[in-house]
Structure formats: C-alpha cells, structure tokens
Amino acid sequence: MRLPRLIANFLTFCGNAFVHPLARILPRTPSLWAFGAPNGSFEGNSKYLYLWLSRRSSPISAVWITPDAALAARLRDRGLRATSRWSARGLLAAMRAGLYLVNDNSSDVNFSLANGARVFNLWHGVGLKNVLHGAQVGFSANLRRRARDPLHRIRNMRRLERPEWVLSTSPEMSSAFFARCFGVAASQAPALGYPRLDPQIDDDLKEYATSFDDYSLTEGRESKRSILYAPTLREFETGFLKAALPDIDTLSSALDAQGAVLFLKLHPKMPVEKGWLEDLPANIVALPSALDLYPILDRFSALVTDYSSLFFDFIAFKSAGVVLYTFDFDDYTTRERDLAWNYEEATAGIRANNFDELCDIVRDGRVFAAVDPDKLASLRSRFWGGDLGEPAASQRISDYLLAQQGLGR
C-alpha cells in the first residue's frame, strides 16, 4: 500500500537524516552482494549481472532486494535469493551487505541502510544526454539548484549520491562522461561493458532471461519485418504520442508498403493520452511499457528512436536499420535534457525531422538500410570500446569486484 505523500516524505527525511549516518557502524560481509532496481522493478544492468551470477559457482551470495513482495516471491520460486525490502530478512540483508549493485542509486536497495556498504552504480544509459552532476537542463539541474536548501538536500540525498564506482562502457566514456556526471575520478568508472547486452553473446542467458516475461506479442509475425519505435522519456511533455504520431493511418499505410509491423515501446514513466493505444491498426502493436526488451532486441529489423541510449545498445550488435526521429529536437534539448555530445557526431543512421519524413523513410524501405560502416565502427569504438565479444560484461564486472572485495575468483 502506498503511503500518503506527506508521510512518505517525512519517513524518507528521517531515514536520510538519522538512520543513514548510523548505518556506517554496521558490520558488513564482503561476499554478500545486494542488488536492486528503481521503483521495485526487475530490469537493467543489475538484473542481468544478478541472473548471471546466480547461475554460476561463486564465493559471493547475490540477493535481490525489492519493495515489491510479489516480485521477491516470484524470484524465490525460481530458486533465486530475493527478499522484500521491509521484511526482517530484507532489512538484515541490507544492513549486512558489503556491496550494493544498483541501476540508479542505492535507494534501489535501501538508501537508509546503505552507508558503510560499497556502492557500484551500474547505471542505465550509455550517455548521449547529460545526467546528474553534469546536467544543465531539466530535472537533475533543477534538483542541484534546489539542493542549496539544506532541508531539500537531505530529502534528496539519494539522488546526489556519489558512488564508489560507476560502470562505464569505454575508456572515453569513463573520463569524458561518467566521471564528470557522477562527480567521481575516472579511475572509479571502470570500462567493463553493460550486462544487459550479455544475452546477445550468451545464448544460455538469453533463453533464461526470456522466461521472466511474456513476449507473445512479438511472436507469430515471422513473415513481416519488424520495427521497434522506442522514444526516450519526456518528463515535462504532455500529449507526446499525438505530436509524434499524428496520423496513424498514414503510418500504417507506409508499413504496409514494406510488409512491416511496428512495435511501440514507451518508457514506463511516459504518460499516455487516454484512448490513444486503443483500436490500433493490425500492423502497429503497443508493447507493455514494463516489458524488458533486452533479451529480444535482436528480433527487430530496425529501430526508430530519438535521444535514447537504446540507440547505442542497438548498434552494438546491429549494422542496419536505424532511424533517428527528432521532430522535437529544439524543445527537448532546451526543456528536458541537454546533450553530452554533438548529436550528429554521436549518432548514425537516417534522420527524420518530422512525421512526413518518418513515413517516407518507412514507405520506401530506407528504415532497413545499412548504417555507414565507417561511422558505425567509430561509434562502437568510442562508446563501447569496440565490438561486443567474449568475455561477457558480467564476467568482467564479477572479476573486477571480486578483486576489489578481496575475494579472489
């Protein structure tokens, strides 16, 4: 049951101001690693590192901690170690864990009890947009300004957290992006890769990961080429879908010209206009916003996106089928998020500046065109340190942290 906002804010403030400082004295177990994700979800880099570790012999004990008791029960039913955050076992695990592995900040596990544990922020985006301490526009920039008020700073301590490590994807990203945005030294941003892409090189992990979600909506259309439209979150924009896709019938006709189907995947926090997703044409399918795409990302022939880090995930192993639909570029970059790089230099594919251009690109098949190989190789080197390959990111992260925790292999 969700607490009234005033009570929840009061409890958060007390946890930050009083419990968090005291947690420093708790004895910690280096081999107990606590995993979590924002808002009680089961997704992202922490999910895939947790699943990878849980299926291997290791000196560590991996536990998933979540406010969602039903999720914890489902994981336990699968033979995994998991617990509800506010249960006795959850509190004890959070107090004892020597290492927190999170996607956003240590509140993914339990911020009040995090002080004294080592925090490895696995993050959830390669880095096209400035975030946290590097942001000059949007939520994070506003948060830092408000944090000049001591009471507000205490209330939002978790958002301003500087972890011991933040996961990076390449040496350039370590120094030029993650260190700057998280306020840490470049040496605290090891370039080890993203576990969420491990299913693309680990068939066993892919098969296992797909068993946690229902992917039936993406199946049964083998005769059609599939396009994924996955726009990034708009925190301030309302009526986004109406602006992005103003004429569904025209888009459907363009898809028919290529015998294609478009899968629409929105960010879980993206508001949807009432009734918009009802009665869609048969070749436009709305996927559940909470569906984890990473085990099946290679099923899609093409990706249409804008400022999302999903672009970098897609080109890490795909060499064709990228459309950058940036109809609201000026509004987004002045109101929502500022960009860490020059957009043209940091992306590749075909640019669609408005809806008509998008439909033309779909209709004539350019949506499936190969990406310029020289630009692709440059971006893979810059943002991923090269092509995906063995060992898996989870293996590299595990080896790194076992050494940091003094546990060997």
Side-chain angles (χ1 to χ4, degrees), residues 42-45 47-49 51-52 55 124-126 169 193-232 255 258-267 283 285-306 308-325 347-350 362 365-373 375-377 379-381 383-396:
F42 185 55
E43 52 87 26
N45 286 319
K47 168 185 175 178
Y48 287 97
L49 180 57
L51 292 179
W52 188 90
R55 291 168 65 81
H124 49 269
V126 177
T169 55
Y194 272 3
R196 68 189 188 191
L197 293 186
D198 284 349
Q200 303 307 322
I201 62 173
D202 185 332
D203 291 338
D204 178 65
L205 181 61
K206 175 185 285 191
E207 182 179 1
Y208 186 51
T210 55
S211 70
F212 285 85
D213 275 302
D214 180 3
Y215 295 101
S216 58
L217 284 175
T218 67
E219 298 167 350
R221 295 178 172 84
E222 289 79 5
S223 63
K224 293 182 179 292
R225 289 191 284 185
S226 57
I227 302 169
L228 173 65
Y229 177 35
T232 199
L255 291 163
Q258 290 295 320
V261 59
L262 183 141
F263 293 93
L264 173 63
K265 170 63 168 63
L266 298 178
H267 191 284
N283 58 2
V285 180
L287 297 175
S289 63
L291 186 70
D292 184 354
L293 292 177
Y294 283 98
I296 64 162
L297 197 55
D298 57 346
R299 291 185 188 178
F300 300 101
S301 306
L303 170 70
V304 178
T305 190
D306 42 29
S308 172
S309 64
L310 194 64
F311 161 79
F312 296 102
D313 298 326
F314 193 77
I315 68 163
F317 58 91
K318 287 275 194 174
S319 301
V322 176
V323 175
L324 305 166
Y325 183 32
T347 58
I350 300 174
V362 172
R366 283 178 291 156
V367 64
F368 303 111
V371 178
D372 176 80
K375 185 69 176 293
L376 185 63
L379 291 177
R380 284 176 175 168
S381 175
F383 290 94
W384 290 112
D387 293 336
L388 290 185
E390 298 288 352
S394 294
Q395 179 72 68
R396 293 193 292 269

What is the ring orientation for [X] with [Y], classed by angle as parallel under 30°, tilted 30 to 60°, or perpendicular over 60°?
X	Y	result
Y294	Y48	perpendicular
F212	F42	tilted
W384	Y194	perpendicular

Which pair of heavy atoms, one from [X] and one from [Y], lies closest together, and at what distance?
X	Y	answer
P199	R196	CD-O, 3.4 Å
E390	I201	OE2-O, 3.6 Å
K318	D298	NZ-O, 3.2 Å
A370	A320	CA-CB, 3.6 Å
T210	I296	CG2-CG2, 4.2 Å
V322	A348	CG1-O, 3.3 Å

Check for a donor-acceptor pair, side chain of [X] on one end and backbone N or O of [Y] on the other, with a separation under 3.5 Å.
X	Y	result
D387	R380	no
D214	S216	yes
D198	A393	yes
S289	L266	no
T169	F383	yes

Note, R299 side chain near E219 side chain (heavy atom, < 4.5 Å): yes

Residue pair F368 / I227, side-chain heavy-atom distance below 4.5 Å: yes

Working for side-chain contact (heavy atoms from CB on, under 4.5 Å), residues L376 and L379: CA-CA 5 Å; L376 185 63; L379 291 177; 5.7 Å; no

With rounding to the nearest 0.5 angstrom, report the [atom1] to [atom2] distance, [X] to [Y].
X	Y	atom1	atom2	answer
S226	L303	OG	CG	11.0 Å
Y325	Y229	OH	OH	6.0 Å
T347	D306	OG1	CG	11.0 Å
N283	L255	CG	CG	5.0 Å
L205	Q200	CG	CD	10.0 Å
L217	K265	CG	NZ	12.5 Å

Trace of the side chain to side chain donor-acceptor pair (under 3.5 Å) decision for D202 with Y208: CA-CA 10 Å; D202 185 332; Y208 186 51; over 6 Å; no

From CA spacing to verdict: side-chain contact (heavy atoms from CB on, under 4.5 Å), V371, S319: CA-CA 6 Å; V371 178; S319 301; 5.8 Å; no

Test side-chain contact (heavy atoms from CB on, under 4.5 Å) applied to Y215 and D292, step by step: CA-CA 9 Å; Y215 295 101; D292 184 354; 3.9 Å; yes

I350 vs V367, side-chain contact (heavy atoms from CB on, under 4.5 Å): CA-CA, chis, key distance, verdict: CA-CA 8 Å; I350 300 174; V367 64; over 6 Å; no

Option among L264, T218, L297 that satisfies the side chain to side chain contact (heavy atoms under 4.5 Å, CB included) test with L228: L297

